[in-house]
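Accompanying notes for the structure given below.
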Amino acid sequence: MKRRATAEPADRAAAILQGFDVAGFRCRLVDWFRHQQRDLPWRRDRDPYKIWVSEVMLQQTRVETALPYFLRFVERFPTVEALAAAEEADVLKLWEGLGYYSRARNLLRGARQVMEEFGGVLPDDPEELARIKGIGPYTAGAILSIAYGRPVPAVDGNVLRVLSRLLLVEEDVQKPGTRRLFTQLAAALVCPDDPSAFNQGLMELGALVCTPRAPKCLLCPVREDCRAYAAGRERELPAKGKRKAIPTVDMVAAVVWRGAAVYVYRRPEGGLLGGLWAFPDGERRADEAWEAAAARILRERYGLAVAVSGPLLDVVHTFSHCRWNLRVFQCAWVAGDGAAPDGRWVEVDKLDELAFPASHKKIVAALDGETVSARRGALR
DNA sequence: CAACCGTGGCT
DNA sequence: TAGCCAAGGTT
């Protein structure tokens with residue numbers, strides 16, 4: 001049998017936990033969580049569906065941001081069955097502004113999958129859960145432990161931070177290999193008596209006390225367990241590699257007027273902002289004039305001949321992995337019905353029925369302003 | 001494995 | 001200001 005140069009995660013986890021007071025740590029954490037947890041709507045009951053929705057919304061998203069979306073979503077779609085019967089357009093409209101829109105599409109697909117394959121009930125089996133679109137290792141662990149009381153780990157960013165400090169683990173937490181180590185550690189630590197309180201306690205501690213920049217160690221219920229605190233090194237952890245610089249792209253978009261209607265298209269699934277509506281847009285070429293770029297893109301990509309009348313606004317929008325310098329032009333329609341696969345002429349007052357990304361939502365808002373000022377002008 | 005996929009708030 | 005950060009998943 002061949003032996004690896006580096007220890008397996010399971011062996012390393014066991015070595016790291018040598019001398020750690022597992023039982024005492026569990027008690028202190030769970031006790032703290034029971035008394036100090038925030039009153040959040042998804043903690044009101046253990047409905048697996050609501051836990052699922054909340055966990056998906058909370059992926060890479062702050063509690064305060066997700067909260068109003070969650071309330072609207074479960075009000076409109078209270079059950080898996082209700083969601084499974086929904087139109088994707090309605091789901092995306094409820095998700096508008098929350099970002100990472102594949103989450104919404106996957107949640108809808110997942111709900112339909114649960115109706116067809118699992119009789120409308122989210123399975124409590126790890127391997128079956130993992131087959132559902134949009135449910136990865138963390139979300140599966142969260143649903144299993146919180147909704148079904150199963151003693152499995154749920155490793156999110158909070159848990160990586162808390163455990164890296166607690167156990168003084170110095171590996172780069174962004175590497176997939178390190179993630180496996182922390183999953184082993186969390187699996188060994190999880191409290192069999194109350195996996196829900198333990199896993200949520202770990203995350204709540206990370207959110208409220210063991211925060212990224214200025215951890216509140218003096219308020220920490222498990223300070224006596226913390227190796228980083230003992231070493232005075234809590235601010236050095238977790239270790240993370242540097243982020244790559246993100247590229248900037250010059251973009252043009254156009255508001256093409258044809259009577260009271262403007263042209264919009266639905267972005268293809270799978271790409272950036274997939275499934276959302278947008279004004280016709282495209283990349284400006286190097287050394288190309290902005291207005292010329294607008295005319296060229298409308299002609300080539302959207303089959304529209306227009307007269308570019310002037311800039312409406314500039315939008316600078318930063319995504320997670322790229323940045324747009326977006327210049328928006330108003331245009332008068334000349335010819336062409338529009339050739340985008342999912343293009344439509346929509347009256348301006350009906351634009352609110354469609355889901356737009358934040359960057360193009362600003363264009364819609366600018367048009368509302370235009371309408372208002374035009375009406376004001378007409379009244380004078 | 002590394003790149004892709006949003007958004008808003010904070011320092 | 002520019003960068004960092006937040007209950008990740010998919011390809």
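Each chain gets a letter, A, B and so on, in the order its sequence line appears, and its residues count up from 1.
- Within residues 68-106 of chain A, the residues that place at least one heavy atom under 4.0 Å from DNA chain B are, in residue-number order, G97(A), L98(A), G99(A), Y100(A), Y101(A).
- Residues of residues 123-141 of chain A having a heavy atom closer than 4.0 Å to DNA chain B: none are found.
- Here the P atom of nucleotide dT7(B) and the CD1 atom of I246(A) are 13 Å apart, to the nearest Å.
- Note: NZ (K361(A)) to P (dG6(B)) measures 16 Å, nearest angstrom.
- Rounded to a whole angstrom, the distance from the C1' atom of dC1(B) to that of dG9(C) is 15 Å.
- For dT7(B), the OP1/OP2 oxygens have a side-chain nitrogen or oxygen of H317(A) closer than 4.0 Å.
- Nearest heavy atom pair, residue R233(A) against residue E170(A), reads NH2-OE1, 2.8 Å.
- The phosphate of dA6(C) (OP1 or OP2) has a side-chain N or O of K240(A) nearer than 4.0 angstrom.
- Residues satisfying the salt bridge (Lys or Arg N to Asp or Glu O under 4.0 Å) criterion with R284(A), sequence neighbours excluded, are D250(A).
- Residue P176(A) is the one, among F356(A) and P176(A), whose nearest nucleotide of DNA chain B lies closer to the 5' end (criterion: closest heavy atom).
- Ring-centre distance between F356(A) and F279(A): below the 6.0 Å cut-off.
- Look at CZ on F319(A): it is 16 Å from C1' on dA3(B), rounded to the nearest Å.
- Distance, R243(A) CZ to dC5(C) P: 7 Å, rounded to whole Å.
- Spacing between dC4(C) and dA3(B) at atom P, rounded to whole Å, works out to 16 Å.
- The cationic group of R344(A) lies under 6.0 Å from the six-membered ring centre of W277(A) and within 45° of the ring axis, placing it in a cation-pi geometry.
- The distance from atom CD of E269(A) to atom C1' of dC4(B) is 16 Å, rounded to the nearest whole Å.
- For DNA chain B, the neighbouring residues in residues 54-61 of chain A, judged by any heavy atom under 4.0 Å, are Q60(A), T61(A).
- Separation of the P atoms belonging to dA7(C) and dT11(B) is 16 Å when rounded to the nearest angstrom.
- Using a 4.0 Å heavy-atom distance criterion, A358(A) is classed as a sugar-phosphate-only contact.
- In terms of phosphate contacts, H321(A) brings no side-chain nitrogen or oxygen within less than 4.0 Å of OP1 or OP2 of dC4(B).
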With the criterion being N/O to N/O and under 3.5 Å, what pairs connect the protein with nucleotides 9-11 of chain B, and how long is each?
{"residue": "dT11(B)", "atom": "O4'", "partner": "R213(A)", "partner atom": "NH1", "Å": "3.2"}

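- Across the protein-nucleic acid pair, R38(A) atom CZ and dA7(C) atom P stand 9 Å apart, rounded to whole Å.
- In this view, D314(A) and R327(A) satisfy the salt bridge (Lys or Arg N to Asp or Glu O under 4.0 Å) rule, not counting sequence neighbours.
- The closest side-chain heavy-atom distance from R103(A) to Q60(A) is not below 4.5 Å.
- A 4.5 Å side-chain heavy-atom check between E224(A) and D21(A) finds every atom pair outside the cut-off.
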